[in-house]
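Everything numeric here is computed off the predicted structure, so don't read it as measured data. Along the sequence shown, residues are numbered consecutively beginning with 1.
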Amino acid sequence: MSQEMNNAVGAEKNITTDSPITAENTAPKRRGRSRKDVGNTVPASVKNTSEAKFEPTPVLEAVADTPATAPNEPKTSKRHYPTISERLAAVDDNIARLTKLNESRVTLIAKTQAALEERRIALEKSTKALNDAQAKKSTLVELQNRPSKPPVVKAPKLSPEERQQARVAALERARTVRKEKKEARMAEEAKVRELVAMLKASGRSVEEFFKEVSQDKE
């Protein structure tokens, strides 16, 4: 312990007296040698001679030639290739899985088609209801835009005497109309009798007369 203290004191004296204070002097010195210095040591007897040659030690060469491997690295085994039986078993499992998947999808498609048919029928019903609603709206709009009818003027209420007079006047008008129709019918019948008499006097029949009239029209 005392020797180390003396060495430290001597190193401080050498720094303060012999060399100026620089970063190299004040920096802490590393213990031991670096890896660059390993194997490059030169004996002190030939340190200052020109014939000094570098001879690496065989131990360091052996260490440098050994590959760097992890101490606990497991050894790799050969790759295992499946046999035909194993491959057949894997294919059978895949076939079973795909068969089950296809069956489930067929069932799903059938359910979807049934739901689609129901929705198609519901769409037809809703479309028909929509058309009916639009037609009803058109009718209501037409009624709304139709001009209003003039107010109906009711006939004044008649007294019993006035109603009797109106009834007698209506009967008289009806009697006059029937009489005029009867007179017109009698006049037509007289003309027809006169025509028939003229045909008999000429010696021609009614059929021959009508035939001549039709030829004249053509």
State the [atom1]-[atom2] distance between [X] and [Y], to the nearest 0.5 angstrom.
X: I109; Y: L116; atom1: CD1; atom2: CG; result: 12.5 Å
X: S104; Y: K100; atom1: OG; atom2: NZ; result: 8.5 Å
X: K181; Y: K179; atom1: NZ; atom2: NZ; result: 15.5 Å
X: E194; Y: M198; atom1: CD; atom2: CE; result: 6.5 Å
X: E86; Y: T83; atom1: CD; atom2: OG1; result: 3.5 Å
X: K136; Y: S138; atom1: NZ; atom2: OG; result: 12.5 Å

>> Please tell me whether R105 and N102 have a donor and an acceptor in their side chains that are separated by less than 3.5 angstrom.
In response: no

For [X], look at atom [atom1] and say whether over 12 heavy atoms of other residues, nucleotides or ligands are found less than 6.0 Å away.
X: L143; atom1: CG; answer: yes
X: E142; atom1: CD; answer: no
X: R163; atom1: CZ; answer: yes
X: Q144; atom1: CD; answer: no

Would a 4.5 Å heavy-atom cut-off, applied to side chains only, mark [X] and [Y] as touching?
X: V196; Y: K200; result: yes
X: E117; Y: R120; result: yes
X: E172; Y: T176; result: yes

>> Has N94 got a side-chain atom pairing as donor or acceptor with A90's backbone, closer than 3.5 angstrom?
In response: no

> Are R185 and K182 close enough, and set up right, to give a side chain to side chain contact (heavy atoms under 4.5 Å, CB included), and what steps lead you there?
Replying inline: CA-CA 5 Å; R185 186 172 62 255; K182 184 177 181 180; 3.7 Å; yes

